[in-house]
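Notes for the one structure printed next.
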Amino acid sequence: MTVQNRATLDDVARLAGVSSKTVSRVFASRELVSPETAERVLAAAKRLRFRPNTLARNLRRGGGTNTIGFIMGELGNPFYYKVAAGIEKELAAHGHALVVATTDDTPEGEERVADALLAQRIGALLLIPVADDQSYLEGERQLGTPVIAIDRPARNLVADSIVLENRRGVFDATSRLLARGHRRIGYVCNPASVYTQKERLRGYRDALAEYGIHDSSRWERLEDDLTIPPDRIVDDLLSSEDAPTALIAGNNRMTIGALRVLRDRDAAGRTALVGFDDFDTADVIGVSVISYDPFELGRQAALAAMERIGDPAGFTRQVELPTWIIERGSGERPAPTGDDH
């Protein structure tokens, strides 16, 4: 196939019978050109399949673009692309485009991808922080590029953030298990050092403390190595002495791992299970979850970016979106008779 050269602004000017400056003016400030001339220029541009280089024009003016960048983790997690869908929907309503880049949930990937996006002079940067430190973005923020942290607040960086009621969600789920007689309640998560898991773990421990249980370490499995299969983490906990009668899984990967282990142990009907994050087949197989709206998480982040573009010097804020429990059966199993320790 022969690839044709792209039409230039000069090509459009020749076909329309006007100057190059007039063509440029049509795409930059159409109201300054007569309707008849503008129509002739646009018809010529359409015939030649000409597209104006808005990036170059904005860079010449020293500004950014109407493209917003979003940095997320690995593509296989439904959470990320649902957040991206919420961002894209809201940005489109404001005339902005979205470009998405992934980090594979690695700290080194975050800064590398951020640098690549910022080099394109994006209008704002939205990210789900993975690295321990986002101070590398401070210089760009001071130059006027809004930075919005999603799901986890940025560290060492003044930035707006849109997060979930992580603590409250797990506190409520743990309290319900305690009310059904469970005292040996396990908590499994990987990774454990991120903000979301720290907040969820705090909710779990706070609920247990209200029932006089102040040391839950023997029922916790907290890992920070994504190469460890979730099944292995859950199986290790359920193989321990004084194994829990109920489990709370810190994210959807851990929930699915727990389901596999409970199936293999033929314990699916005995051990109660509540997972954080809903997933597509959870309703079909009867998994109780702590749910929320990832689409709304993305939409609110996009709104925050629009507000920050309009008011770069405004006070930063953190917005918490609600979580709720969906009872489907797995989390409503009572503790075994006589389990009072």
Side-chain angles (χ1 to χ4, degrees), residues 72-84 102-107 110 127-130 149-153 162-174 177 185-205 207 216 219-238 244 246-262 271-283 285 287-298 320-326 328 330-331:
M72 66 180 194
E74 44 95 14
L75 285 171
N77 193 328
F79 166 75
Y80 292 123
Y81 58 73
K82 289 177 181 177
V83 172
T102 62
T103 64
D104 287 330
D105 279 326
T106 61
E110 178 187 298
L127 79 159
I128 298 176
V130 177
I150 305 174
D151 194 42
R152 310 158 189 170
I162 313 294
V163 299
L164 299 171
E165 291 182 336
N166 292 285
R167 178 196 170 277
R168 171 58 61 183
V170 176
F171 180 92
D172 290 346
T174 307
L177 291 170
I185 302 172
Y187 188 87
V188 289
C189 67
N190 184 21
S193 62
V194 295
Y195 164 85
T196 50
Q197 291 302 333
K198 289 180 178 179
E199 288 295 293
R200 294 169 194 177
L201 186 61
R202 185 164 69 92
Y204 159 79
R205 289 172 176 171
S216 55
W219 302 314
E220 298 173 5
R221 292 297 182 272
L222 316 175
E223 299 291 347
D224 272 303
D225 183 353
L226 292 176
T227 65
I228 302 175
D231 315 43
R232 187 193 306 172
I233 298 170
V234 176
D235 192 58
D236 176 69
L237 175 58
L238 294 181
L247 287 175
I248 295 180
N251 56 34
N252 50 15
R253 292 179 66 252
M254 294 304 304
T255 302
I256 293 170
L259 287 168
R260 291 195 183 103
V261 174
L262 293 176
T271 304
L273 172 65
V274 180
F276 204 110
D277 298 329
D278 206 353
F279 55 96
D280 287 343
T281 57
D283 59 331
I285 56 182
V287 180
S288 300
V289 296
I290 303 162
S291 189
Y292 54 90
D293 188 347
F295 184 93
E296 182 64 13
L297 194 66
E320 281 196 354
L321 299 185
T323 61
W324 55 88
I325 297 173
I326 302 177
R328 297 185 175 125
S330 69

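Source: prediction; values computed, not measured. Below, all heavy atoms of this structure are taken into account, side chains as well, without hydrogens, waters or symmetry copies.
Contact check on Arg232 versus Asp236 returns no salt bridge, with no Lys/Arg side-chain nitrogen under 4.0 Å from an Asp/Glu carboxylate oxygen.
Residues Thr103 and Leu127 fail the side-chain proximity criterion, which asks for heavy atoms closer than 4.5 Å. Under the 4.5 Å side-chain criterion, counting only non-hydrogen atoms from C-beta, Ile150 is not in contact with Met72. Counting heavy atoms from C-beta on, the side chains of Lys198 and Leu201 never come closer than 4.5 Å. Side chains of Phe279 and Pro78 form no contact here, defined as non-hydrogen atoms less than 4.5 Å apart.
Of all heavy-atom pairs between Leu177 and Ala272, the closest is CD2-CB, 3.9 Å. Considering every non-hydrogen atom in both Gly250 and Tyr187, the closest pair reads CA-OH, 3.5 Å. Heavy atoms only, all atoms of each residue included: Ala173 and Ile290 are closest at CB-CD1, 3.7 Å. The two atoms that bring Ile325 and Gly169 nearest to each other are CD1-O, 4.3 Å, heavy atoms only. The shortest heavy-atom contact between Leu222 and Glu220 is CD1-OE1, 3.7 Å. When all heavy atoms are compared, the tightest approach of Gly331 to Val274 is CA-CG2, 3.7 Å.
The backbone N or O of Val130 lies less than 3.5 Å from a partner atom in the side chain of Glu110, making a donor-acceptor pair. A donor-acceptor pair under 3.5 Å is formed between the side chain of Ser330 and the backbone N or O of Ser288. At distances below 3.5 Å, not a single donor-acceptor pair connects side-chain atoms of Asp224 with backbone N or O atoms of Pro191. Side chain of Arg167 to backbone of Gly203: no donor-acceptor contact under 3.5 angstrom is found. Looking at Arg200, its side chain never comes within 3.5 Å of a backbone N or O of Val170 through a donor-acceptor pair. No side-chain donor-acceptor contact under 3.5 Å links Arg221 to the backbone of Ile233.
Taking CZ of Arg152 as the reference point, atom OG1 of Thr196 lies at 5.0 Å (rounded to 0.5 Å). Note that the CG atom of Leu321 and the OH atom of Tyr292 stand 11.0 Å from one another [nearest 0.5 Å]. Going from atom CG of Asn166 over to atom CZ of Arg202 covers 9.5 Å, rounded to the nearest 0.5 Å. Atom CG of Asp235 sits about 10.0 Å away from atom CG of Leu262, to the nearest 0.5 Å. Rounding to the nearest 0.5 angstrom, the gap separating the CZ atom in Phe276 from the CZ atom in Phe79 is 9.5 Å. In this structure, the separation between CD1 on Ile228 and CG on Asn190 is 6.0 Å, given to the nearest 0.5 Å.
Checked options Leu237, Thr255, Val261, Ile185; the residue passing with Leu247 is Leu237 (criterion: side-chain contact (heavy atoms from CB on, under 4.5 Å)). For the salt bridge (charged side-chain N to carboxylate O under 4.0 Å, His left out) test with Lys82, the passing option among Asp278, Asp280, Asp277, Asp151 is Asp280; the others fail.
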### Query
Given Arg260 and Val234, is the side-chain contact (heavy atoms from CB on, under 4.5 Å) satisfied, shown in steps?
CA-CA 9 Å; Arg260 291 195 183 103; Val234 176; over 6 Å; no
### Query
Please walk me through it: do Tyr195 and Val163 pass side-chain contact (heavy atoms from CB on, under 4.5 Å)?
CA-CA 10 Å; Tyr195 164 85; Val163 299; 4.1 Å; yes
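With sequence neighbours excluded, the residues satisfying side chain to side chain contact (heavy atoms under 4.5 Å, CB included) with Ala207 are Phe171, Thr174, Ser175, Leu178.
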